[in-house]
Amino acid sequence: MKQFKYYLDPGLGIESLSRHIGTNRSYLSLAIMYGHGCNFNTYINRLRIKELLGHSHQTRLREASFYDTALICGFNCKRTFNRAFFREKGLSPIDFVAQYKRLPLQEK
């Protein structure tokens, strides 16, 4: 999953992912639940947020809007992105960017 970055596809669903990896949706769902303690959508959104906040996020925050970058990372709806981001980080994307911009350069 992480090697091929299927989660970057905004149209990814449990059916299409199970076909990509050669299993059925029930096994995939159980594997995600046991391995990561969450459902398919939560897992995919976590991977997308990790991608967004990955090692190159400093450049992305300066060059493009945070939401534009979220689209590149597989989100296709601003509302879903905002909800998933808040669930994972405890703040809205706007508040996160504001906090980030207040950090001293050496912490970025």
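Throughout, numbering of the chain's residues begins at 1 and tracks the sequence.
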Cluster link I21 to L30, ILVMFWY, side chain under 4.5 Å:
no
Kindly write out the residues that satisfy ring-ring contact (aromatic ring centres under 6.0 Å, His included) with Y43, not counting sequence neighbours, or none if the list is empty.
H36
Heavy-atom distance under 4.5 Å between the side chains of N45 and F75, does that happen here?
yes
Is I32 close to L28 at the side-chain level, that is, under 4.5 Å between some pair of heavy atoms?
yes
Any chance you could measure T80, atom OG1, to N41, atom CG, to the nearest 0.5 Å?
9.0 Å
Does any N or O in the side chain of T42 come within less than 3.5 Å of the main-chain N or O of N39, such that one atom is a donor and the other an acceptor?
no
Mind running side chain to side chain contact (heavy atoms under 4.5 Å, CB included) on N82 and Y67 for me, showing each step along the way?
CA-CA 9 Å; N82 287 335; Y67 179 63; 5.9 Å; no
Are F86 and L52 grouped together when hydrophobic residues (ILVMFWY) are joined by side-chain heavy atoms under 4.5 angstrom apart?
no
Tell me which pairs pass side chain to side chain donor-acceptor pair (under 3.5 Å) where either residue lies in residues 22-34, with sequence neighbours left out.
E15-R25
Do F81 and N76 make a side-chain contact, defined as non-hydrogen atoms from C-beta onward lying under 4.5 Å apart?
no
I'd like to check the salt bridge (charged side-chain N to carboxylate O under 4.0 Å, His left out) partners of R46; sequence neighbours left out, ordered by chain and number.
E88
For G11 against S16, the heavy-atom pair lying closest together
O-OG, 4.4 Å
Sequence neighbours excluded - side chain to side chain donor-acceptor pair (under 3.5 Å) pairs with any residue from residues 5-14:
K5-E51, Y7-E51
With sequence neighbours left out, write down each residue that passes side-chain hydrogen bond (donor to acceptor under 3.5 Å, both in side chains) with R19, or none if nothing qualifies.
none
C77 SG to L71 CG distance, which is reported to the nearest 0.5 Å
9.5 Å
Just list the side-chain donor-acceptor pairs under 3.5 Å for residues 89-96, sequence neighbours left out, or say none.
from	atom 1	to	atom 2	distance (Å)
S92	OG	D95	N	3.1
S92	OG	D95	OD2	3.2

